[in-house]
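Worksheet: the structure to be examined is printed underneath.
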Amino acid sequence: MGVTHLVVAALWGCVTSEGLIIPAHTPNVWGGQARGTVVGGPSGFLFAFSGADGPTKEGSGFCGLHAKSLPPVYTIDFVGGGASLSVNTEVQGDSEPGLGGTAAPPVVLAAVSDVLAFGPAVGESASAVLVYTHWDRLVGYAAHPGAAKLAWVPTLAPPPSSGTVTPAGTSPPRSTVSCNVSGVWRKGGGGFNASSADPYTLREDSNGAFTASAITGTWREAHGAVAGDGTVTITFATSPAPFADIGALSPDCNTVTWSKHPGTWTRDTTPPSPPPSPLPPGVACSTVGQMALCTVGNLFSVAFGSDAKGVAAATAANLTTAAVDVAATERLAPLSALPAQLMVGTDYARLSQKMYSVMRANTLAPEGIASVHWSTPDKTPHRAMWLWDSCFHAIGRCVVEPELALEFLVAMLSAAAPDGHVPIQAEPWNGALSGDTQPPLLALAMSFVRAAGGVNDSTLAWALPRLERYIEWDFANRDKDGDGLLEWDKGTESGLDNSPLWDNADADTLASTDFSVYVALECSFIATMHRDLGNATGAAIWAARANRTTTMIHRQLWDDTDNFYYYRHLGQGNGSGALGVFERVMTPSGFAPLLLDGVSDARVIQLIARLDDAASFALPQPLPTVTPGTSFSTNMWRGPAWTNTNFFTILGLRKYGHVPGALAAADKLQHATVEMVRRGYEEFGTSFEFYDSTGRVPPTRLQRKSSLDSGGVRDYHWTAANTFWLLHNPNGTLPR
């Protein structure tokens, strides 16, 4: 896969703008120096058009990620079309290079998910601006003509050859075989992983080695070689694991037949498009892959797609500095309309705006099976619509835009199967659905949105039977012994992918604390919805279900020895209803029952003591996802702190605010959570998937599954949504 660089050098004083309006407290921290894998792993720093502003096409795989920046050069990588495009915005001194001027570090005036602005000082006019006008189009200006450049850089996964990769569409002569495989190849029947991409773009060098890249699917990058006898070898070097196959190239060089996983690739022989129209006068363009850069003086336009050059040229021909300023002002305007955050702290207003910007960038317009707006955890690697993520996104978004928050939930519910199953993820652009599920939080999220004014009775009546069918599906498919306590089918369903909970037992052999709490809570909110719609019978049925599971949680999952709620092994199936031993792995799931009725004051006090215990959960950045011990690390759910588990614990403590110490514990944890996110933002310019609970390792260097020090995903949506909600609800509680 290739990377394209767009370098924008802005020289102070040559061009100024009086039209750009930057609201107070606009985020201005650029995080491009933070490390992280751009594609196939944790993302960079999101620069993307918001679906709240117009159509988007998440299926294209196109998005921008801040990465590899070193001021005064600023870089963005654009992922899409089987390659990465990198944008450098360079701001220099008060005179042109070579004229005796000295370089000066740029001042970042605005750094949000769809606008970047740079200038000589805060309060002065911008010297360089880059802004999205459409999901596939950007415009900008610099202070010096010719400052924008487009160039190809080495592949992220180079082939096992020292030869130079030949751009697609050329066929340099070589003697080993009679043809060149460069071009676009499409999958035939079978072959490879079900989520492998289609099409692939192959680029072959003069030694027979090639790279293969695509914009969708799990296997996005590969390298391989073609031998003189037509044997093709290929290795997919990206997540989830290395993968290889051997194939045979047909005599006409248009088909590869694979052997290990039977299937074919066929070369796309569609005739090339007619020659492009002449460029408008004064416009200069360059293209790389599916992206084009066109410039007119110090103004430039960037476009993505099959007609990128034509679109970019037409845009550049009519572009003015004032038009760029107007576009940037429009994109920044929603920040000025935000209500003031209610939590008091250092620069929390700027943090609130950054979290909102992250939420906007991860908002997608209707596409494919999604007839309404939907949300994604991040633009890469997750991209799709995910179940419990969507619920957290809606809870955060309903603070300011409850109607839009509702659409996130409607999109997720609309992906439900007739039997009630709601998939762990859905890809709206192609209709692909996962067979697994995830924590059921849809009724909870719907209740938050309803409390914010986003759900009327008509919509509630539409949603209610779908919410019921999903919980009935959970009871029928995730409660093997029928006791009202739920079991995950596999650890990844829980959302706690690599938790130590699964080290010594299969997930489906454990009665789950958090799963059971979520289901009981859903039953309770469904009962409330029935009451709101005047259905006393339905309310009674679902209240009874909530009470049954709640009672079992308090009776079976509380350990009097450790004074904590644990997962517990299932019994022997002898009809006695007795469960086995506790799985004594202490995680924040043990605080989840605080979300339910029926926790005694004595137990609340004992749980608060755990929160205050330095040997358990009272670490510098709480809450650790497992207490310190042999399984503790910086790897995701094996020690780092996550905002969503903190969010639930805070709500649970506030529910029992009458118990001495509960409200103080909630306030303490809420402040610690927001401060954790604020510190990460002020140092790196973004929100992260998770944070080191010990406070020693920066979020950019934490382990994420097999990636030892890449850190978690950047601009992570639920971190932003949780933090935004906490900032605006310092005393917030569960909806009624």
Side-chain angles (χ1 to χ4, degrees), residues 195 240 362 369-370 374-378 381-396 408-417 419-428 432-446 448 463 466-479 485-499 501-502 506-508 510-523 525-526 549 567 587-589 592 595 625 636-637 642-645 647-648 689-690 705 712-713 716-719 721-722:
S195 60
N362 286 301
I369 63 171
W374 55 285
S375 66
T376 187
D378 47 81
H382 292 101
R383 290 212 309 141
M385 178 171 63
W386 292 69
L387 173 50
W388 76 324
D389 298 75
S390 297
C391 297
F392 290 122
H393 304 163
I395 292 170
F408 296 168
L409 303 179
V410 169
M412 198 72 243
L413 279 171
S414 297
D419 65 355
H421 169 256
V422 180
I424 186 174
Q425 73 171 98
E427 296 180 351
L433 307 175
S434 166
D436 297 328
T437 192
Q438 234 179 3
L441 304 174
L442 287 164
L444 167 67
M446 188 74 68
F448 269 104
R466 291 164 173 81
L467 296 170
E468 290 179 307
R469 285 196 295 270
Y470 178 40
I471 299 305
E472 288 167 348
W473 184 93
D474 275 330
F475 277 126
N477 295 275
R478 296 296 186 267
D479 181 12
L485 297 176
L486 285 292
E487 312 94 30
W488 303 110
D489 183 60
K490 58 190 71 170
T492 50
E493 278 197 339
S494 71
L496 317 177
D497 297 17
N498 65 339
S499 171
L501 285 165
W502 329 123
D506 293 332
D508 64 351
L510 297 170
S512 165
T513 308
D514 45 6
F515 196 178
S516 301
V517 167
Y518 298 149
V519 166
L521 203 59
E522 292 289 281
C523 291
F525 281 116
I526 289 172
T549 294
Y567 274 57
T587 74
S589 298
L595 296 167
T625 40
M636 292 190 73
W637 298 99
W642 292 67
T643 60
N644 63 328
T645 51
F647 175 73
F648 279 143
E689 194 177 11
F690 50 88
K705 297 185 179 178
V713 175
Y716 198 62
H717 195 164
W718 88 32
T719 298
N722 295 156

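Keep in mind that the numbers below use all heavy atoms, side chains included, and drop hydrogens, waters and symmetry copies.
The aromatic rings of His717 and Phe408 lie perpendicular to each other, with more than 60° between the two planes, well past the 30° mark.
Across every non-hydrogen atom of Ser434 and Pro423, the tightest pair is O-CB, 3.1 Å. Listed here is the closest heavy atom pair of Leu409 and Cys391: CD2-CA, 4.1 Å. Thr513 and Ser589 get closest at one heavy-atom pair: CG2-O, 3.3 Å. Across all their heavy atoms, Gln425 and Ala384 have their closest contact at NE2-CB, 3.6 Å. Considering every non-hydrogen atom in both Asp508 and Asp489, the closest pair reads CB-O, 3.8 Å.
Considering only residues two or more places apart in sequence or on other chains, Ala507 meets the side-chain contact (heavy atoms from CB on, under 4.5 Å) condition with Trp488, Trp502.
Checking each of Trp386, Phe448, Phe648 against Phe392 for a ring-ring contact (aromatic ring centres under 6.0 Å, His included) leaves exactly one that passes, namely Phe648. Partner of Tyr716 under the side-chain hydrogen bond (donor to acceptor under 3.5 Å, both in side chains) criterion, chosen from Thr643, Asp378, Asp389: Asp389.
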Step-by-step side chain to side chain contact (heavy atoms under 4.5 Å, CB included) determination, Phe690 to Met636 = CA-CA 7 Å; Phe690 50 88; Met636 292 190 73; 3.6 Å; yes
Leu387 and Thr437: CA distance, side-chain angles, deciding distance, side chain to side chain contact (heavy atoms under 4.5 Å, CB included) verdict | CA-CA 8 Å; Leu387 173 50; Thr437 192; 3.7 Å; yes
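For the residue pair Thr587 and Tyr567, no side-chain donor N or O sits within less than 3.5 Å of a side-chain acceptor on the partner.
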